[in-house]
Structure formats: structure tokens, C-alpha cells
Amino acid sequence: MSKIRIGIVGVGLIGITHLKNYAQIEDAEVVAVCDINEQAARHVADQFQIKDVYTDFREMLKRADIDAIDVCLHNNFHAPVTIEALEAGKHVYCEKPIAGTYYDGNTMLETAKACNKMLHIQLNTLYKKETKAAKALIEEGSLGKLYHARSTGFRRRGRPFVDGYGTKFFNRKETAAGGALLDMGVYHIAQMLYLLDLPKVKSVSGKVYQEMDMDEARRIESEFDVEELGVGFIRFEGGATLDLIEAWSIHMGGFEGSSMMGSKGGIRLPSYSSISQTGRLSFHTTMADMDMDSTVNLDDMELRWGRLKENYDAYSSSQHHWIAALQGRVPLLPTAEIALQTMLISEGVYLSDGLGREVAAEEIIAYSKSTNVKL
């Protein structure tokens with residue numbers, strides 16, 4: 001099949017990560033990069049042997065030979081760049097979260113539909129071995145009726161910039177819109193929504209915190225005004241529920257991994273921290289009136305399924321899936337819809353915290369406003 005030709009917008013940490021991933025995909029060809037920092041863009045272009053460099057993404061959009069745009073910017077820049085790219089006739093792959101608010105994310109999704117273009121959001125947890133195994137167990141009926149899920153994400157002290165990683169722009173509502181929930185929580189919440197088959201949110205209750213000490217000079221420089229810890233409880237239509245806890249920084253030794261409970265069985269996924277993944281996927285059920293706890297050999301599963309299942313490579317990673325979908329080998333997973341519901345939940349936690357009560361999905365949608373940075 002012909003290669004998919006890609007233009008990258010943003011060559012920071014995320015942009016470089018995306019470029020490294022594309023370099024491992026034979027059918028992907030990055031033909032141009034764009035960044036307002038021309039020196040950084042040229043340095044990255046040289047590093048990855050990319051010929052064309054732009055400082056204005058609109059100039060890059062004029063190229064008829066580019067199939068898709070990859071948006072690697074901070075959250076409040078996602079919607080304006082994505083929308084213009086879609087309207088210019090490009091498919092768009094966007095870094096998570098979908099945008100800074102539900103309103104902006106929904107506008108992105110509606111624009112993609114109106115332009116008849118694909119919109120794909122980077123949700124890397126959907127392609128992990130444990131997610132594939134959990135999905136198979138659920139679809140086979142081994143869990144029975146799903147009724148509750150738990151989403152967890154842990155860092156001991158892993159706040160961007162103030163704890164020595166990333167830039168200060170992660171810590172400002174002006175550019176990032178939120179903190180731990182939008183940076184890390186999106187991965188774990190999206191994973192649970194995917195396994196629950198994307199139920200419709202009914203209501204959200206939650207609280208956010210910023211309580212731990214941090215380097216004062218870096219606090220001032222970064223203008224840190226987002227949450228380091230978010231907790232929430234979500235009710236879905238049909239009766240299922242989800243609780244969540246997401247920590248950039250907390251005085252704890254770790255959390256158990258995310259989990260899912262059904263009438264016939266339950267699943268616990270590995271726990272994730274900022275630097276590692278610990279534990280294995282476990283399945284819990286009752287057989288012959290005995291409580292059974294088992295683990296899955298995920299490496300053997302991956303090897304076997306890779307040999308037997310058609311187009312299994314298309315689910316190796318978010319970017320492998322994106323390229324395969326653009327080539328028409330597989331249907332695109334509904335990542336934009338999953339990411340939009342994840343944003344609805346996160347924004348619901350913020351609204352619930354501000355109002356001090358549970359909020360309905362309709363309230364969250366009505367409250368949500370654009371936080372786009374004008375370009």
C-alpha cells in the first residue's frame with residue numbers, strides 16, 4: 001500500500017515522541033514539521049531527516065501531498081489547529097486530551113464529521129496487551145454484566161516542571177486547562193470507558209486538590225494553578241458506575257491498578273506510575289463453588305494472536321492503528337468519542353468541585369465553554 005504522508009505540528013517532547021514512533025512504521029512518512037521555534041524545528045528535522053520546515057502551520061496545510069496532520073501541542077491549542085486542518089481537507093491525529101474542554105472537543109468531532117475526515121486521539125492504553133486481554137474476556141461473557149469500574153493513576157511526586165520533568169505550560173489553566181486528570185487521567189478513564197463499551201454519562205461528583213509542598217521558585221515561575229490530585233464518582237445511564245483517583249503527587253506508596261467488576265467475574269489491570277508498570281492482569285471468578293484467582297500470560301497471548309489474527313499489527317500502538325485506518329485496512333476505533341466522554345467526566349469533576357455537589361451531564365455540557373488559544 002502507498003505510504004501515508006504526515007505533517008507534524010509541534011516539535012516539543014510529544015512531537016519528538018510521535019516522530020520516533022512513526023520512524024518504526026514502514027507505511028508512515030513524515031514529510032514536514034512545523035513549530036513557531038524555527039531553530040528547534042530545524043534541529044528536529046535534521047535529526048529525523050525531514051526536508052521541509054514551517055513556522056506557520058497554515059502554510060503547511062496548503063500542501064496537497066500531505067494526507068494527515070499530527071497535532072502535538074498543549075491542550076488549549078488542540079481545537080483551533082485541528083479544526084483548521086480538517087477544514088483544509090486533512091485527516092487529523094491529535095495528542096490527548098481531545099482539547100481543553102468538552103465544548104472544544106465536541107466542536108472538533110462535529111467538524112470532522114462535517115468534513116468527512118478521520119479524527120484520531122492518542123489514547124495509548126487502548127493498545128496495551130492487558131486491555132486487549134480484558135476486552136476479549138468481556139466480549140466472551142466471562143465477566144457477565146459489568147456494573148462497576150475503578151480508574152487509578154499514580155505518581156509519588158511527578159508534577160510537570162516543579163518536580164523536574166516537562167515544561168511549566170502543563171501547570172497553567174491558560175495552556176493546559178487542567179492538571180493530573182487531563183494529563184494522566186485521560187489514559188486510565190478512557191481505558192475503562194472502552195472496556196465498558198462507552199456508556200453514556202449520567203452524572204459526576206468529584207473533588208480536586210493541590211496541597212503538597214513544591215519548590216516555591218518553580219511554583220511562581222510556572223504559575224501552577226491546576227490540580228495535582230483528582231477524585232470522582234460517575235454514574236452512567238443503565239446503572240453502571242465508575243470511581244477514579246488520579247495523582248500527580250501524593251504521600252502514598254502506590255495504588256492498585258484499575259479494575260472492572262461484573263456479575264460473573266472481575267479484572268484487575270496492572271498499576272501504572274510515571275516511570276513503570278507493575279503487576280499483571282488478573283481475572284477473578286467462582287468455579288465449582290470455589291473462588292478462583294488467575295493471571296494471564298500476556299506475552300504468550302500477544303505472540304499467538306499476532307500469528308493468528310488478521311491485521312493484528314494494526315493494534316500494536318495508537319500510531320500503528322492510525323496508519324492502518326488511513327490505509328483502509330481496519331476501521332478506526334472511536335477514540336475521538338471516547339476522548340470526548342473522558343473530557344466530559346474530567347470537566348464534570350471540576351464543576352462538581354466548584355459547586356460542591358453532584359452535577360448532571362447536561363449541566364456539564366451547558367457549563368462547558370471554549371478555552372481555545374487564538375492563533
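Side-chain contacts under 4.5 Å among hydrophobic residues (ILVMFWY), followed directly or transitively, place Leu13 together with Tyr165.
Taking 4.0 Å as the cut-off between side-chain N and carboxylate O, Arg155 and Asp183 count as a salt-bridged pair. Ion pairing between a basic and an acidic side chain is recognised when a charged N comes within 4.0 Å of a carboxylate O; Glu256 and Arg150 show no such pairing. A salt bridge links Arg329 and Asp313; the closest N-O separation between the charged side-chain nitrogens and carboxylate oxygens is under 4.0 Å.
Aromatic pair Tyr93/His18: ring centres closer than 6.0 Å.
Put simply, NE2 on His78 and CD1 on Ile98 are 10.0 Å apart, with the number rounded to the nearest 0.5 Å.
Checking side-chain atoms of Lys168 against main-chain N and O of Glu223 turns up no donor-acceptor pair under 3.5 Å. Here the side chain of Arg172 pairs a donor or acceptor atom with the backbone of Ser222 at under 3.5 angstrom. Under a 3.5 Å cut-off, the side chain of Ser352 and the backbone N or O of Arg357 do form a donor-acceptor pair. At distances below 3.5 Å, not a single donor-acceptor pair connects side-chain atoms of Arg157 with backbone N or O atoms of Asp163. Without hydrogens or angle criteria, Asp291 side chain to Thr286 main chain gives no donor-acceptor distance under 3.5 Å. Using modelled atom types, no side-chain atom of Thr241 and backbone atom of Ile234 make a donor-acceptor pair closer than 3.5 Å. At distances below 3.5 Å, not a single donor-acceptor pair connects side-chain atoms of Ser151 with backbone N or O atoms of Leu244.
With a 6.0 Å cutoff to the six-membered ring centre and a 45° limit on the axis angle, Arg218 does not count as a cation-pi contact of Phe224.
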- Task: Dump the intermediate steps for side chain to side chain donor-acceptor pair (under 3.5 Å) on Ser318 and Gln122, then the final yes or no.
- Result: CA-CA 6 Å; Ser318 178; Gln122 191 280 107; 4.8 Å; no
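Looking only at side-chain heavy atoms (C-beta outward), Tyr315 and His321 come within less than 4.5 Å of each other. Looking at heavy atoms from C-beta onward, Lys264 lies out of side-chain contact with Leu143 at the 4.5 angstrom threshold.
The shortest heavy-atom contact between Phe170 and Ala176 is O-CB, 3.5 Å.
Glu95 pairs by the salt bridge (Lys or Arg N to Asp or Glu O under 4.0 Å) definition with nothing, not counting sequence neighbours.
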Could you go through residues 330-342 and list every donor-acceptor pair under 3.5 Å that involves a side-chain atom there, pairing it with any protein atom two or more places apart or in another chain?
residue, atom, partner, partner atom, Å
Thr335, OG1, His120, ND1, 2.8
Thr335, OG1, Ile121, N, 3.1
Thr342, OG1, Ile338, O, 2.9

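The residue from Tyr350, Tyr209, Trp248 that alone fulfils the side-chain hydrogen bond (donor to acceptor under 3.5 Å, both in side chains) condition with Glu227 is Tyr350.
Transitive grouping of hydrophobic side chains (ILVMFWY, heavy atoms separated by less than 4.5 Å) keeps Met192 and Met261 in distinct clusters.
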